[in-house]
Amino acid sequence: MLNQSEIMQTIQMIDQQHLDVRTITMGISLLSCAHSDVKIACDKVYDKITRYAENLVATGEAIEKEFGIPIVNKRISVTPIALVAAAADTDNYTPFAQALDRAAKTTGVNFIGGFSALVQKGMTKADRILIDSIPEALSTTDIVCSSVNVGSTKAGIDMDAVALMGRTIKDLAQATADKGGFGCAKLVVFCNAVEDNPFMAGAFHGVGEPEKVINVGVSGPGVVYHALQSVKGQPFDVVAETIKKTAFRITRMGQLVAQEASRRLDTPFGIVDLSLAPTPAVGDSVARILEEMGLEVCGTHGTTAALALLNDAVKKGGVMASSSVGGLSGAFIPVSEDEGMIAAAASGALTLEKLEAMTCVCSVGLDMIAVPGDTTAETLSAIIADEAAIGMVNSKTTAVRIIPAPGCKVGDTVEFGGLLGSAPVQSVRPFSAKEFIARGGRIPAPMQSLKN
Amino acid sequence: MKAIVTVIGKDRVGITAAVCSLLAQHNINILDINQTVLQEYFTMVMLVDTAACKDSIGDMADILDKAGKEQALSIRIQREDIFNAMHRI
């Protein structure tokens with residue numbers, strides 16, 4: 001039988017160290033909803049989502065109660081809308097976003113992702129319409145998330161799309177200026193986007209996925225932080241071992257919840273995503289884990305090495321605990337959503353340049369970063385291009401979720417509230433990349449793509 | 001189905017009796033009990049069998065939580081699977 005200390009350890013993890021399942025995300029294919037009439041297509045989208053995800057929230061809550069483990073979010077990801085809407089006879093896809101928003105609210109989920117386009121090797125007419133619709137779509141809906149994949153290791157980087165996304169982000173920030181440019185928190189620009197990511201804002205249901213699927217994202221930065229407190233001053237081998245053991249436990253719990261949800265919802269189990277996802281709550285921070293390794297503040301020299309170790313150990317620990325690992329699986333470093341990152345950025349220790357270096361060794365990219373409202377579209381595009389290049393060359397996912405907060409200057413703080421937290425406005429380089437972005441065209445795929 | 005009941009709170013007379021009689025009322029059989037008092041804090045872990053209980057574990061979680069709050073205790077019931085998953089390979 002289990003002994004008392006093991007049971008109390010789990011109870012402490014849940015009570016004091018913020019152990020939770022971050023999200024149960026149901027992926028739903030909407031390919032069957034394509035129709036030339038926008039109204040009919042949107043009705044089909046609404047009907048299919050509300051039918052498939054009818055019991056998602058109730059099931060999540062029941063599992064939460066029986067296992068005594070919080071499941072923070074229940075979400076839905078859908079087929080990239082640019083594919084679903086391509087057949088529709090229209091030049092504005094906002095009605096699709098609104099249908100997603102209505103369906104998500106009816107089912108009671110927190111977010112729905114998939115107002116997306118995959119344009120790494122060029123844009124179709126539908127992709128272009130979708131991107132042009134983003135500012136209106138995200139400013140007239142509440143819980144719809146959008147993502148655009150502009151590059152991949154296999155295809156290179158579509159620099160026309162990169163230029164377009166810089167302008168789109170600016171427009172979206174303006175369209176939601178009354179909320180500090182909040183709309184941009186729901187838009188991710190990817191390189192090497194994954195098809196089974198359960199985390200928002202970048203979740204969508206890839207075309208290689210089944211009709212419907214359950215993906216689960218676990219979390220637990222607080223648990224890892226707490227475990228490291230017991231190995232103060234010991235060598236990195238011990239640190240890595242400690243993280244691995246902790247990640248194993250967290251992931252086993254996620255796997256159990258995923259299987260249970262899959263069984264009850266009669267939906268195939270997809271993957272467990274092993275990401276360490278922070279929240280703005282004290283004690284739930286990735287930055288504090290890095291600091292626990294011996295850094296005075298996250299962002300100082302040594303941060304990249306610490307993050308590399310953390311990211312690798314989390315994967316090694318988690319991979320044996322799950323029958324199928326996927327999604328992004330790594331440590332997230334969203335600035336506004338991490339109490340330690342917010343403090344580090346506000347103190348000036350954590351700069352955009354350091355964050356960029358950190359994205360080379362962890363799972364995502366420049367995430368939830370606020371920059372001054374007068375940042376130009378070209379500079380935003382150049383930031384996206386840099387991140388996409390890191391992802392392309394290193395065969396990993398990178399993303400940019402950046403908020404040019406209207407009217408805000410360096411040193412201001414933008415409040416988003418809830419899990420999205422608050423972001424100190426960070427400085428960008430004042431020098432122009434205008435001519436670089438104006439070139440357009442495609443950055444060819446690197447040598448790494450030629451594996452056959 | 002087997003479940004784990006944990007009770008945490010400040011020690012006083014009658015905690016074990018109160019929790020056990022509540023479980024008995026709901027036809028929950030106690031298979032094993034482990035309890036300690038550390039620095040005035042009472043911790044009890046019980047392995048129970050809910051096979052004869054008419055309420056679901058989710059409902060029992062609510063009932064125990066409510067009873068716990070009335071007595072300034074934290075009482076919870078969780079399926080055993082979660083602990084096995086985390087501590088046994």
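Since this is a predicted model, take the numbers as computed values, not measurements. Note on naming: letters A, B, ... go to the chains in the order of the sequence lines (proteins, then strands), and numbering restarts at 1 for each one.
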What's the separation between atom [atom1] in [X] and atom [atom2] in [Y], rounded to the nearest 0.5 Å?
X         : Y        : atom1 : atom2 : value
Phe248(A) : His87(B) : CZ    : NE2   : 11.0 Å
Phe83(B)  : Met8(A)  : CZ    : CE    : 9.0 Å
Gln12(A)  : Ile8(B)  : CD    : CD1   : 8.0 Å
Thr6(B)   : Ile11(A) : OG1   : CD1   : 3.5 Å

Around atom [atom1] of [X], are there more than 12 heavy atoms of other residues, nucleotides or ligands at under 6.0 Å?
X         : atom1 : value
Lys54(B)  : NZ    : no
Lys105(A) : NZ    : yes
Glu40(B)  : CD    : no

So what's closer than 4.5 Å to chain B heavy atoms on Gln255(A): side chain, backbone, both or neither? neither
Can you check side-chain contact (heavy atoms from CB on, under 4.5 Å) on Met13(A) and Met86(B), steps first, answer last? CA-CA 11 Å; Met13(A) 283 181 183; Met86(B) 287 179 81; 3.5 Å; yes
Taking NZ, NE, NH1 and NH2 as the nitrogens, is one of them in Arg76(B) or Asp15(A) under 4.0 Å from a carboxylate oxygen of the other? yes
4.5 Å side-chain heavy-atom contact, Met44(B) and Gln4(A): no
Tell me, please, which residues at least two apart from Arg263(A) pass side chain to side chain contact (heavy atoms under 4.5 Å, CB included). Glu260(A)
Filtered by a 4.5 Å non-hydrogen cutoff, the part of residues 55-63 of chain B contacting chain A is Ile57(B), Gly58(B), Ala61(B), Asp62(B)
Closest approach of Arg79(B) to Phe67(A) (non-hydrogen atoms, all atoms of both residues): CZ-CZ, 3.6 Å
Looking at every heavy atom in both Ile7(A) and Val45(B), which two are closest together, and how far apart are they? CD1-CG1, 3.4 Å
Run the side-chain contact (heavy atoms from CB on, under 4.5 Å) check on Ile14(A) and Gln78(B) step by step: do they pass? CA-CA 12 Å; Ile14(A) 296 167; Gln78(B) 292 161 278; 3.8 Å; yes
For the candidates Met253(A), Arg252(A), Met320(A), which exhibits the highest count of non-hydrogen atom pairs separated by less than 4.5 Å from chain B? Arg252(A)
At a heavy-atom separation under 4.5 Å, does Ile89(B) approach chain A through its side chain, its backbone, both, or neither? both
